[in-house]
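Both backbone and side-chain heavy atoms feed into the values below; hydrogens, waters and symmetry mates do not. Throughout, protein chains are lettered first and strands after them, A, B, ... in sequence-line order, and every chain is numbered starting at 1. Because the structure is a prediction, the values reported are computed rather than measured.
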There are 2 protein chains.
Amino acid sequence: MTVTIYDVAREAGVSMATVSRVVNNNPNVKPQTRKKVFEAIERLGYRPNAVARGLASKKTTTVGVVIPDISDSIVAEVARGIEDIANMYHYNIILSNADKKKDKEIRVINTLLEKQVDGLLFMGGVITDEHLDAFRTSSVPVVLCGTTDEGKLIPSVTIDHEQAAYDAVKLLIDQGHKKIAMISVTLKDPATGYARYQGYKRALEDAGLTLDEQDVRIGNYRYESGMEAMGYFLEQPERPTAVFAATDEMAIGAIHTIQDHGLRVPEDISVISIDNIRMASMVRPQLTTVAQPMYDIGAVSMRLLTKLMNKEQIDQTQILLPHDVIKRNSVAQV
Amino acid sequence: MTVTIYDVAREAGVSMATVSRVVNNNPNVKPQTRKKVFEAIERLGYRPNAVARGLASKKTTTVGVVIPDISDSIVAEVARGIEDIANMYHYNIILSNADKKKDKEIRVINTLLEKQVDGLLFMGGVITDEHLDAFRTSSVPVVLCGTTDEGKLIPSVTIDHEQAAYDAVKLLIDQGHKKIAMISVTLKDPATGYARYQGYKRALEDAGLTLDEQDVRIGNYRYESGMEAMGYFLEQPERPTAVFAATDEMAIGAIHTIQDHGLRVPEDISVISIDNIRMASMVRPQLTTVAQPMYDIGAVSMRLLTKLMNKEQIDQTQILLPHDVIKRNSVAQV
DNA sequence: CTGTTAGCGCTTTCAT
DNA sequence: ATGAAAGCGCTAACAG
């Protein structure tokens, strides 16, 4: 039923080894023989079995990618970067959502390893010791994508979240703002959430401003939580003149809440955030934000992984990509 | 170096077959033996090799998914549905972007087939005879996701795009609109673009309205093209009082262009579209649109695929999921 | 309930 | 430049 390399060999009057050579572009084949083999392949409609090849060669040319939620636009953009580079190097990608749930992440990592992926890209939540263990027992390289482990043991590519937050808040300060609220995400994640909070804090401190814990609310990355947090700020006796949101989505939620209260952005309240998702320039006012190079984070981490898989010498395994503040229309002078 | 089933067998003092049985949850193993084997597995840190298993069993428990661009929010949402159900049935997913390019799609399909996926989910552009050929030579089931082939030969799950468009335009008509423009997408794709155009046309006809070809512009799915198309309509001597956009993103672009011209939505011009992406409720005014159940399209097509892979009897291989008009704030009476 | 034994379809020395 | 043959790690009859 299925045609194998053996069938092709017989059809072409050569040995399996020769067929294998032509299929794998081994130059040690006489052009004439090569031609015969190709013809036989064509005639039989032979399709190499990558599973058998994987077993024999111990390479699958597929990499495992664990992500939280592909329906998140940031993740999707990173995934696109990963895919493009993977494709360029002839790797396929097994994508697995793990929703930032530790147990699911561990399970998924193991499944991927069982499938004999040649490498692993991890984009998830907090990296625990259990993760580190799983990575350690992996015989294939791992790179962290958009995050880092605290000990910086695992190769990674991300941005400097602390500095990105600092830059955002600094912009507000430079515009004369003194009462700056923050809509944060969970502080439990040292690599992202907490880092952004730290950047906020440092910027305030550098400017001699005091951080009032009443001025920071914790959201959940999403639009609605931005609305909610902003609602809280608006009820306070002394309103902030500016708010820094840890994500664009929350910033857009904040903007709408401000507008719904009959106030204007940026005239009454300025809003800035981090990410630069596509939607940032599709809302009015357009969002001023610190761009995170999502596609590149994916692309560069995949590229790094290919080098690791090839056992190339790497000079730098902790890669920090530049961020960029994008001035649009949601920030004004106080 | 790597520990195999044979090592476990020796360690546990049983045969490979027995180890295989316990790993695969075959009930025909004495509890005690099972325990011994599990202990050996634990001690040795054995991880089953799914590639070897795949070769021996001719099943890989992975399905191939070809998509256009994972960074598209609709595609990402569908992908999420696919992944969730795949996960539920213990399948993994190899995701491949093909950007609606025919050649790339064909290439990707073949690669996936070489990898011996147990099934294929296809979400792409126009389905040509070449696609049909590729599907035909596939020994594994295929289902189309969010589209159909013209001959309805391949199992598929999608919505009735024609009717969805009809319903959208009908709503406008019911609100008294008579001059209704359309921002379409390419008419080259019979399953989606052209179908939506047809629905627009039929709704107008049913209402005794005449379709003026000047009232339809072709966009490219995206925000900017919606802006552009709307800009065109606004320059015409007789402006439409309502516009139907084939996608939410274009509708949002149209809304902003209208607003930028100092007009109001919906007071001056009503806007409706199809999709109901997350962003639809994150813009002001919130978008009235016909919801396409993206997650379900993914989930249901994956579910259908599992049945096909199990060779279960299927009553219905052409599945049409319901759409739903979501009334928000971008449509008003004329 | 358990063990033996063929493969699964390919790559990869090693000869020639 | 080509072929022979030994696996890769596992499953699946089959036998007992």
- Per atom distances to the Arg21(B) side chain, the nearest of dC10(C), dT2(C), dC10(D) is dT2(C)

- Within residues 28-43 of chain B, the residues having a heavy atom closer than 4.0 Å to DNA chain C are Asn28(B), Val29(B), Lys30(B), Thr33(B)

- Task: Tell me which nucleotide among dG9(D), dT11(C), dC10(D) gets nearest to the side chain of Lys58(A).
- Result: dG9(D)

- Query: Near DNA chain C, under 4.0 Å by heavy atom, which residues of residues 47-57 of chain A?
  - Reply: Pro48(A), Asn49(A), Ala52(A), Arg53(A), Ala56(A), Ser57(A)

- Query: How far does NZ of Lys30(B) sit from CZ of Arg21(B), to the nearest 0.5 angstrom?
  - Reply: 13.5 Å

- Task: Check whether any side-chain heavy atom of Arg303(A) sits under 4.5 Å from a side-chain heavy atom of Tyr89(A), and report yes or no.
- Result: yes

- Rounded distance [0.5 Å steps], CD1 in Ile82(A) versus CG in Asn87(A): 13.0 Å

- Query: So what does Val14(B) touch, heavy atoms closer than 4.0 Å: a base, only the sugar-phosphate, or nothing?
  - Reply: sugar-phosphate

- Message: Tell me whether the side-chain N/O atoms of Thr18(A) come closer than 4.0 Å to OP1 or OP2 in dT2(D).
- Response: no

- Message: Looking at Arg80(A) and Asp99(B), is there a salt bridge between them, counting it only when a charged N and a carboxylate O are closer than 4.0 Å?
- Response: yes

- Message: Rounding to an integer number of Å, can you tell me how far Met16(A) CE sits from dC10(C) P?
- Response: 8 Å

- Task: Give the C-alpha distance, both sets of side-chain angles, the deciding distance and a yes or no for side-chain hydrogen bond (donor to acceptor under 3.5 Å, both in side chains) between Asp72(B) and Tyr221(B).
- Result: CA-CA 10 Å; Asp72(B) 177 295; Tyr221(B) 300 85; over 6 Å; no

- Message: Please report the distance, rounded to the nearest Å, between NZ in Lys59(B) and P in dG9(D).
- Response: 23 Å

- Between CD on residue Glu105(B) and OG on residue Ser96(B), distance to nearest 0.5 Å: 11.5 Å

- Query: Is there side-chain contact between Phe38(B) and Val22(B), with at least one heavy-atom pair below 4.5 Å?
  - Reply: yes

- So, is Tyr46(A) close to the dC10(C) phosphate, meaning a side-chain N or O under 4.0 Å from OP1 or OP2? yes

- For dT11(D), take OP1 and OP2 only and decide whether either is under 4.0 Å from a side-chain N or O of Ser20(B). yes

- Working to the nearest 0.5 Å, report the span between OG of Ser138(A) and CZ of Arg47(B). 7.0 Å

- Query: Does Leu305(B) reach the side chain of Pro141(B), with side-chain heavy atoms less than 4.5 Å apart?
  - Reply: yes

- Ser15(B) side-chain N/O to dG3(C) phosphate OP1/OP2 under 4.0 Å: yes

